[in-house]
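Below is one structure, written out as structure tokens; the observations come after it.
In listed order, ligands and their atoms are each counted from 1. For this chain, numbers begin at 1 and follow the sequence in order.
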Amino acid sequence: MKTVLVTGGAGFIGSHIIDRLIERGDRVICVDNLITGTRENIKEHLSKPNFEFVHYDVSKPYFTETHIDFIFHFASPASPIDYQKLPIQTLKVGALGTHNMLGLSKQHSSGFLLASTSEVYGDPLIHPQNEDYWGNVNPIGPRGVYDEAKRFAEAITMAYHRYHNLDTRIVRIFNTFGPRMRKNDGRVVPAFINQALNNEPITVFGDGSQTRSFCFVLDLVEGLLKFMDSKEHYPINLGNPREMTILEFAKEIIGLTDSKSEIIFNPLPEDDPKVRQPDITRAKNILNWEPKYSLKDGLKATIDYFKKPQGNN
Ligand code: UDP
């Protein structure tokens, strides 16, 4: 039995990782300060003997005598609305939180996986984005607090790998969706689905020609577990290369929900990336991973979630 510590474990992706770790028999310590995560996401595990919840902000030093075999460092606000509301916390958890978790990893010689992001590519000038691209980020723009925190997090992770020989991994996660996203986190998937379910106007930003590529969370988690079990230290993109415009996506949601919503056009937020699509060649070659869920199946599961009372958190 491995002991795995998941920061941000009460959040959207973190809680899905925990489900799979518990299912395969690992012992899990979930550390979360609940500023964007919720107990609701982990409630089925709270009474289990191989699960422990620690209500704590990993931007402060954290040590434990319990031996840790592996750390998933997933704590961070992740929606553009959240990280602009919580800019200092976002910078701190990306910088200090990552430093603290690398310290814990050094103490226990544990494996370490950093949740990085496609945002390290900024508003990309190459398309699709592969891991060799260094990005096009505005450090002082509204998204800089997240983008630069994650870029720093990648740099310090590589430094601990190179100078302390830590067994680190870096995943760059592209747009991911599924049950347990927060209804009001401002991201396009929960926003459009909830607008459509309530027959309210669908708020497309700009003219809707910007593109995104959406990966279902259960596909992502399979990739993360394969990455955990690998020995690759350089970044790997995980995401679904199925690219579409935001306007196409709005129409897809209206169709799947049988909604009477109209589409309205609101101003495009500053520095909103115009295109985004992962090149997943490295994930295919190194991890033997690629996404399996169709967009429709993933969206149906997500729509069902938002129809239920627990989808209202
Ligand atoms: N978006 C939109 N309407 C919304 C929310 C988002 O048109 O109500 C657009 C947003 O401008 C961006 C895309 O959808 O181009 C994805 O936004 P999201 O906040 O989900 O994440 P991002 O990929 O920008 O980090």
Side-chain angles (χ1 to χ4, degrees), residues 11-13 36 74 76-87 90 94 115-124 127-129 135-138 141-151 171-217 220 237-254 257 259 261-278 295 298-299 302-303 305-306:
F12 163 49
I13 296 177
T36 58
F74 274 63
S76 178
S79 107
I81 301 269
D82 284 343
Y83 55 70
Q84 288 169 50
K85 265 194 234 153
L86 302 164
T90 302
S116 186
T117 166
S118 54
E119 284 281 324
V120 300
Y121 302 124
D123 188 6
H127 191 67
Q129 294 77 53
N136 178 40
V137 169
N138 175 2
R143 302 172 85 103
V145 294
Y146 184 65
D147 303 9
E148 297 296 4
K150 291 293 189 182
R151 289 167 68 96
V171 57
R172 293 184 180 151
I173 301 172
F174 283 65
N175 293 71
T176 299
F177 71 96
R180 302 191 193 143
M181 294 189 95
R182 267 172 31 243
K183 188 179 178 180
N184 296 318
D185 85 353
R187 283 189 277 196
V188 70
V189 177
F192 284 6
I193 291 179
N194 286 291
Q195 289 162 349
L197 289 175
N198 297 319
N199 293 311
E200 290 165 3
I202 307 277
T203 54
V204 168
F205 297 163
D207 63 5
S209 63
Q210 70 273 30
T211 68
R212 294 293 186 272
S213 311
F214 297 101
C215 183
F216 188 53
V217 66
L220 181 87
N237 290 337
L238 289 183
N240 192 316
R242 175 183 51 205
E243 184 186 22
M244 58 175 62
T245 68
I246 291 301
L247 187 57
E248 283 167 343
F249 186 63
K251 291 177 182 162
E252 181 80 28
I253 298 287
I254 291 174
T257 50
S259 175
S261 293
E262 51 161 353
I263 293 176
I264 60 167
F265 294 89
N266 287 348
L268 189 67
E270 194 181 336
D271 293 340
D272 198 283
K274 284 179 270 309
V275 290
R276 185 181 289 153
Q277 182 188 32
L295 183 66
L299 284 175
T302 313
I303 290 165
Y305 171 78
F306 283 118

Tabulated below should be the N or O atoms of ligand 1 paired with protein N or O atoms at under 3.5 Å; can you produce that?
{"unit_1": "ligand 1", "atom_1": "3 (N)", "unit_2": "T203", "atom_2": "O", "d": "2.6"}
{"unit_1": "ligand 1", "atom_1": "7 (O)", "unit_2": "F205", "atom_2": "N", "d": "2.7"}
{"unit_1": "ligand 1", "atom_1": "8 (O)", "unit_2": "T203", "atom_2": "O", "d": "3.3"}
{"unit_1": "ligand 1", "atom_1": "8 (O)", "unit_2": "T203", "atom_2": "OG1", "d": "3.0"}
{"unit_1": "ligand 1", "atom_1": "11 (O)", "unit_2": "D272", "atom_2": "OD2", "d": "2.6"}
{"unit_1": "ligand 1", "atom_1": "15 (O)", "unit_2": "Q210", "atom_2": "NE2", "d": "3.0"}
{"unit_1": "ligand 1", "atom_1": "15 (O)", "unit_2": "R212", "atom_2": "NH2", "d": "3.3"}
{"unit_1": "ligand 1", "atom_1": "15 (O)", "unit_2": "D272", "atom_2": "OD1", "d": "2.6"}
{"unit_1": "ligand 1", "atom_1": "15 (O)", "unit_2": "D272", "atom_2": "OD2", "d": "3.4"}
{"unit_1": "ligand 1", "atom_1": "20 (O)", "unit_2": "V188", "atom_2": "N", "d": "2.8"}
{"unit_1": "ligand 1", "atom_1": "23 (O)", "unit_2": "N175", "atom_2": "ND2", "d": "2.8"}
{"unit_1": "ligand 1", "atom_1": "23 (O)", "unit_2": "R212", "atom_2": "NE", "d": "2.7"}
{"unit_1": "ligand 1", "atom_1": "23 (O)", "unit_2": "R276", "atom_2": "NH1", "d": "2.7"}
{"unit_1": "ligand 1", "atom_1": "24 (O)", "unit_2": "R143", "atom_2": "NH2", "d": "2.9"}
{"unit_1": "ligand 1", "atom_1": "24 (O)", "unit_2": "R212", "atom_2": "NH2", "d": "3.1"}
{"unit_1": "ligand 1", "atom_1": "25 (O)", "unit_2": "R143", "atom_2": "NH2", "d": "3.0"}

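When side chains are defined from C-beta on, M181 does not count as touching Y305, because their heavy atoms never get closer than 4.5 Å.
When every heavy atom of F306 is checked against every heavy atom of I193, the shortest pair comes out as CD1-CG2, 3.9 Å.
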Evaluate side-chain hydrogen bond (donor to acceptor under 3.5 Å, both in side chains) for E243 paired with T211, printing each intermediate quantity in order. CA-CA 6 Å; E243 184 186 22; T211 68; 2.6 Å; yes
Determine whether N138 and R143 satisfy the following criterion, side-chain hydrogen bond (donor to acceptor under 3.5 Å, both in side chains), listing intermediate values before the conclusion. CA-CA 8 Å; N138 175 2; R143 302 172 85 103; over 6 Å; no
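Applying the salt bridge (Lys or Arg N to Asp or Glu O under 4.0 Å) rule to K251 yields no partners; only residues at least two apart in sequence or on another chain are considered.
Defined by atom type and a distance below 3.5 Å, a donor-acceptor pair is missing between the side-chain atoms of S213 and N240.
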